[in-house]
Amino acid sequence: MPELTDVEGFRKVLASCARGRRIDQVEVYETGVLHGVSARRLRSELEGRTFREPERHGKWLLARTDGPTVLLHFGMTGGLLCCDPRDERAPHDRITFTLGRDRQLRYRDQRKLKGLWLADDAAVARTLEAQGPDAAAVGRDEFDAALARRRGTVKSGLTDQSVLAGIGNLLADEILWRARLHPARQARDLTEGERRRLHTDMRRVLRSSMKADCVPPRRSWLTGHRDDADPTCPRCGTGLHRDRVAGRGTVWCPNCQPPPS
DNA sequence: GCATATGTTATGAA
DNA sequence: TTTCATAACATATG
């Protein structure tokens with residue numbers, strides 16, 4: 001699931017569930033999601049600490065404490081839940097943080113593609129250095145500059161986390177459809193007007209998606225049609241095309257999004 | 001068995 | 001140096 005919008009939802013879960021609360025107990029059920037830290041050290045570094053205001057950059061969630069920061073990445077199937085410690089554990093609950101008598105934060109992940117890192121401020125900075133500006137915060141000029149110097153397709157530019165942080169496969173298709181740009185257009189070939197439109201529509205898509213904590217599968221959106229057996233464009237009724245662009249399954253409207261010439 | 005899945009990264013090639 | 005496709009990672013589903 002997790003793109004910027006989903007991770008922003010997890011940030012809200014973390015803030016409302018855990019901010020200001022003391023970590024009484026850390027339980028590791030699957031060490032495969034730990035990176036560069038043992039279960040023993042994770043426990044000893046975090047138990048007794050208090051969660052502070054969490055932050056997000058792109059698809060990274062920064063769980064700040066009064067000690068080290070827990071960096072979380074959710075891969076394709078990860079999530080963060082606020083539970084009661086007495087709730088039955090789900091098969092894919094990998095790490096739990098018990099916060100007092102009636103709260104437990106759970107990192108749940110089926111595929112274990114990513115996971116948790118324990119980081120001091122310098123390590124946090126190193127991780128974020130590799131990331132482009134956050135897609136939900138980037139201004140038009142910076143967005144413009146990043147795309148104008150980018151070679152390759154506009155879709156690969158949007159989804160490259162070192163160019164722009166937070167856009168995944170679903171969001172990229174939705175944004176390009178909204179801006180009426182074919183995903184295989186060369187980023188450098190976009191006119192200034194097209195880049196401006198792309199920035200505006202990206203902000204629109206992100207704002208609506210962040211309200212829903214996901215890319216909403218509404219029937220008025222591309223995402224609401226992409227899994228149909230015979231999908232059509234909600235704007236013009238034309239049959240949608242599907243192919244591989246930038247290495248990912250990509251859906252677009254051949255009428256609204258004219259191919260590169 | 002095959003292909004697919006909202007993510008990242010190592011690898012080799014263009 | 002950048003960008004591309006591909007495979008790999010681990011798991012589920014159609």
Side-chain angles (χ1 to χ4, degrees), chain A residues 1-11 29-36 56-61 71-80 90-95 107-117 126-132 134-136 145-178 183-189 202 205-206 208-210 212-218 221-231 240 242-252 260:
Chain A
M1 275 185 274
E3 304 183 70
L4 179 156
T5 51
D6 308 81
V7 180
E8 179 60 18
F10 302 146
R11 191 193 61 76
Y29 297 97
E30 168 58 64
T31 54
V33 299
L34 292 182
H35 299 269
R56 178 194 60 75
H57 186 96
K59 300 173 189 172
W60 283 101
L61 183 59
L71 288 174
L72 299 103
H73 197 293
F74 299 92
M76 297 255 271
T77 52
L80 204 58
H92 301 117
D93 285 342
R94 309 301 190 182
I95 312 271
Y107 179 80
R108 185 173 292 177
D109 188 20
Q110 174 191 107
R111 284 169 67 177
K112 301 181 283 180
L113 289 171
K114 288 286 154 179
L116 282 72
W117 286 251
R126 280 197 299 278
T127 298
L128 295 188
E129 248 170 43
Q131 299 280 301
D134 185 81
L147 277 187
R149 79 171 86 94
R150 172 81 187 183
R151 279 174 291 161
T153 63
V154 62
K155 171 145 181 179
S156 77
L158 286 180
T159 54
D160 186 331
Q161 302 301 298
S162 68
V163 174
L164 195 63
I167 306 292
N169 197 41
L170 228 52
L171 272 174
D173 284 3
E174 190 67 48
I175 291 163
L176 289 165
W177 174 79
R178 182 87 73 108
R185 291 277 300 278
Q186 292 294 300
R188 287 201 293 192
D189 293 347
M202 177 179 77
V205 168
L206 288 176
S208 302
S209 299
M210 283 165 80
D213 295 335
C214 65
V215 190
R218 291 180 199 142
W221 287 43
L222 181 75
T223 302
H225 293 256
R226 64 182 296 146
D227 295 327
D228 292 357
D230 197 8
L240 296 173
R242 172 181 283 277
D243 204 348
R244 205 153 277 274
V245 177
R248 307 299 305 274
T250 301
V251 175
W252 72 92

Out of [options], which nucleotide sits closest to the side chain of [X]?
X: Arg244(A); options: dG7(B), dA5(B), dT11(C); result: dA5(B)
X: Arg248(A); options: dT3(C), dT11(C), dG7(B); result: dG7(B)
X: His73(A); options: dA10(C), dC4(C), dG7(B); result: dG7(B)
X: Met76(A); options: dC4(C), dT8(B), dG7(B); result: dG7(B)
X: Arg151(A); options: dT8(B), dC4(C), dT2(C); result: dT2(C)
X: Arg111(A); options: dC4(C), dG7(B), dA12(C); result: dG7(B)

Q | Asp243(A) side chain to Thr250(A) side chain, donor-acceptor N/O pair below 3.5 angstrom | A |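 Short answer, no.
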In whole angstroms, how far is the [atom2] atom of [N] from the [atom1] atom of [X]?
X: Leu147(A); N: dT3(C); atom1: CG; atom2: C1'; result: 15 Å
X: Leu116(A); N: dT8(B); atom1: CG; atom2: P; result: 16 Å
X: Asp173(A); N: dA5(B); atom1: CG; atom2: C1'; result: 13 Å
X: Gln110(A); N: dC9(C); atom1: CD; atom2: P; result: 17 Å
X: Asp109(A); N: dA12(C); atom1: CG; atom2: C1'; result: 12 Å
X: Glu30(A); N: dC9(C); atom1: CD; atom2: P; result: 16 Å
X: Lys155(A); N: dG7(B); atom1: NZ; atom2: P; result: 9 Å
X: Tyr29(A); N: dA10(C); atom1: OH; atom2: P; result: 23 Å

salt_bridge([X], [Y]) N-O dist < 4.0 Å:
X: Lys59(A); Y: Asp6(A); answer: no
X: Lys114(A); Y: Asp109(A); answer: no
X: Glu129(A); Y: Arg126(A); answer: no

Can a side chain N or O of [X] be found less than 4.0 Å away from OP1 or OP2 on [N]?
X: Ser156(A); N: dC4(C); value: yes
X: Lys59(A); N: dT8(B); value: yes
X: His92(A); N: dA12(C); value: yes
X: Arg94(A); N: dA10(C); value: no

Q: Hey, can you tell me if Phe74(A) and Phe10(A) have their rings parallel, tilted or perpendicular (30° and 60° cut-offs)?
A: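 Because their plane-to-plane angle lies in the 30° to 60° range, the rings of Phe74(A) and Phe10(A) count as tilted.
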**Q.** Residue matched to dC9(C) through Watson-Crick or wobble contacts both under 3.5 angstrom
**A.**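 Base partner found: dG7(B).
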Q: Select base, sugar-phosphate, or nothing to describe what Thr223(A) touches, counting heavy atoms under 4.0 Å on all strands.
A: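 The residue Thr223(A) makes no contact with any strand.
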Q.
Both Lys112(A) and Gly157(A) contact DNA chain C. Taking the nearest nucleotide for each, which residue is further toward the 5' end?
A.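 Counting from the 5' end, the first nearest nucleotide belongs to Gly157(A).
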Q: Select from Asn169(A) and Trp60(A) the residue whose nearest nucleotide in DNA chain B is closer to the 5' end of that strand.
A: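 First, find each residue's nearest nucleotide; the 5'-ward one identifies Asn169(A).
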(Q) With a 4.5 Å cut-off on side-chain heavy atoms, are Leu158(A) and Leu171(A) touching? (A) no
Q.
What residues from residues 158-166 of chain A pass a heavy-atom cutoff of under 4.0 Å to DNA chain C?
A.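 The stretch gives none, as no residue of it lies under 4.0 Å from the strand.
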Q: Could you tell me whether the side chain of Gln186(A) and the main chain of Arg188(A) form a donor-acceptor pair under 3.5 Å?
A: no
Q: Identify which one of Arg242(A), Arg248(A), Lys155(A) satisfies the salt bridge (Lys or Arg N to Asp or Glu O under 4.0 Å) criterion when paired with Asp173(A).
A: Lys155(A)
Q: Could you measure between the two C1' atoms, the one in dT6(C) and the one in dA3(B), and give it in whole Å?
A: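 To the nearest whole Å, 16 Å.
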